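Quick notes on the structure that follows.
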Amino acid sequence: MNNNKGFIDALVGLQWGDEGKGKNIDELLSHGTYHGVARFQGGANAGHTLKHDDISFIGHIIPSGCLQKDIELYVGNGVVVDVVSLIKEITELKNIGFDVTPRLFISNRAKLVSYMHPFLDQAEEHYRSKGNAKIGTTAKGIGPAYADAKARRILLIGDILSIDFMEKEQNLKEFHMNLLDMYKKNYGFEYSLEKIEEARKRWLDSINELKKLEIKICDLSYLINQRLNAGKNILAEGAQGIMLDVDFGDYPNVTSSNTLPANICLGLGVSHTYLRNIYGVIKAYTTKVGGGDFPARITDENLEKLFQKAGNEFGATTGRPRMCGWLDLFALRYAIQLSGVNKIFINKADICLSERVKVVTEYKKGEETLQEFPLYLNQVTSVITEEIPGWGNANFGVKEKKDVSKELASYLKYIENKLEDLDVSIVSVGTGPNREYSFNWKD
Ligand code: IMP
């Protein structure tokens, strides 16, 4: 490859989402290495919280570089765009002094989430609940939107600029109404036409607003390739986490997109030859929200509640409490292997709520210790754990390695040893929500 060209680094979550990726993206962008940051999958199911001194912002569609005024923001073709959320975020950012419109670029091939998709999401959950197998989606219409995309009937963001947009919208609405009626007739799903009309109005208003703004709806693949050719570097921002990947997670308790870095090329329209570092983010413990099994879950309810409280483990998108578990090294090794991560950020390492901390090292199916990640997590009957001393609350806000308590330092060394054969290193450790609350582990 021409050495004057730029490169793409990526940052992905290695657990079940909610690893605190927004903070790490923000930190990486502050080094001056990157020209822009790109979302390549997912939609408004994501929620990244950014804190800069006294400013706090929760983004769902707009990439996490929004609080850094010289960073371009890209929304790739692999994203399912909720326009209502997008306009709301743009307005909120403007109100706190960040007009992102001149530096926001959306792929004309990105998928347009319809106002009908959240209703269909609810209808599908209703249908699943009959068999007691709810996924516990974020109800943002993600599954139905990706299903429409694969079935080749979804509207694209570029369609909002075409003269037959309203006709296409009407046709798709008819199709969706037929589906809702099927769910009503066959499975007793109730919906309100009034609510649909309200949602449609909000949606059309947001689309009109989007057309008026200065945002570039463009061939984003062309634009990003131009930037790379000009020697500019891009950071790709993963949403959700590897364990929620539609192909490699605990199907069907997954999201509907590929969260793996392999999807960066397809979700942005770039060649794999540009990929350089893949950063992975974990929390010092694990959380999961939604349906399905969670082998590393803390069995002591009171302790789990303490983690929820101390870690503010409530969904940024839905407000749902997250299940809390110990660090799951078995799942983590699987996620690292799938994603090719070579550098790890560990967040919320200041949070330790018991004298001894457990770590899951193996999954068992009956008497068998599993070598491969199981097809379904409900096949796991028990886990093997190791225990190491906890580190209390002494590490909140630590900014330098020399100030870390010896117990936390040995926890970090323990993790490094366990992952040694995978060629990954821990680069930075978070000790609080603010961007400056972290320290470099590798000097
Ligand atoms: P969906 O993506 O809304 O369809 O939800 C599918 C599954 O992924 C559910 O278990 C959600 O709780 C989970 N999920 C989706 N997005 C996120 C996220 O950003 N963080 C954590 N879990 C998520």
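As the structure lists them, so they are numbered: ligands from 1, and atoms in each ligand from 1. As the structure is a prediction and not an experimental result, all values here were calculated from the model.
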Which protein non-hydrogen atom lies closest to [atom], naming both residue and atom, and how far is it?
atom: atom 3 (O) of ligand 1; answer: Thr138 OG1, 2.6 Å
atom: atom 14 (N) of ligand 1; answer: Leu244 CD1, 3.8 Å
atom: atom 19 (O) of ligand 1; answer: Asn45 O, 3.3 Å
atom: atom 5 (O) of ligand 1; answer: Thr137 CA, 3.4 Å

Check this for me: does any side-chain nitrogen of one of [X] and [Y] sit under 4.0 Å from a carboxylate oxygen of the other?
X: Lys51; Y: Glu436; result: no
X: Glu125; Y: Arg128; result: yes
X: Arg200; Y: Glu169; result: yes
X: Glu174; Y: Arg153; result: no

At a non-hydrogen distance cut-off of under 4.0 Å, which region of [X] contacts ligand 1 (side chain, backbone, both, or neither)?
X: Arg320; answer: side chain
X: Val289; answer: both
X: Val254; answer: backbone

Find all atoms of ligand 1 within a distance of less than 4.0 Å from any non-hydrogen atom belonging to [X], and give their numbers and elements.
X: Thr255; value: 1 (P), 2 (O), 6 (C)
X: Ala46; value: 19 (O)
X: Trp16; value: 21 (C), 22 (N)
X: Asp18; value: 20 (N), 21 (C)

Nearest 0.5 Å please: distance from the [atom1] atom of [X] over to the [atom2] atom of [Y].
X: Glu194; Y: Ile196; atom1: CD; atom2: CD1; result: 11.0 Å
X: Asp293; Y: Gln379; atom1: CG; atom2: CD; result: 10.0 Å
X: Lys358; Y: Ile298; atom1: NZ; atom2: CD1; result: 9.0 Å

Would one find an N or O of Lys140, backbone or side chain, under 3.5 Å from an N or O of ligand 1?
->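 Not met; the criterion fails.
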Would you please determine whether Gly136 falls within less than 4.0 Å of ligand 1 on a heavy-atom basis?
-> yes
Any heavy atom of Arg322 sitting closer than 4.0 Å to ligand 1?
-> no
How about Tyr437 and Phe396: are their ring centres within less than 6.0 Å of each other?
-> yes
Where the side chain of Arg333 meets the backbone of Lys418, is there a donor-acceptor pair that is under 3.5 Å apart?
->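 Pair found, side chain donor or acceptor close to backbone of Lys418.
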Which of the listed options, Gln240, Lys288, Gln15, Lys134, holds the heavy atom that is closest to atom 17 (C) of ligand 1?
-> Gln240
How are the rings of Tyr411 and Trp391 set relative to one another: parallel (under 30°), tilted (30 to 60°) or perpendicular (over 60°)?
-> tilted
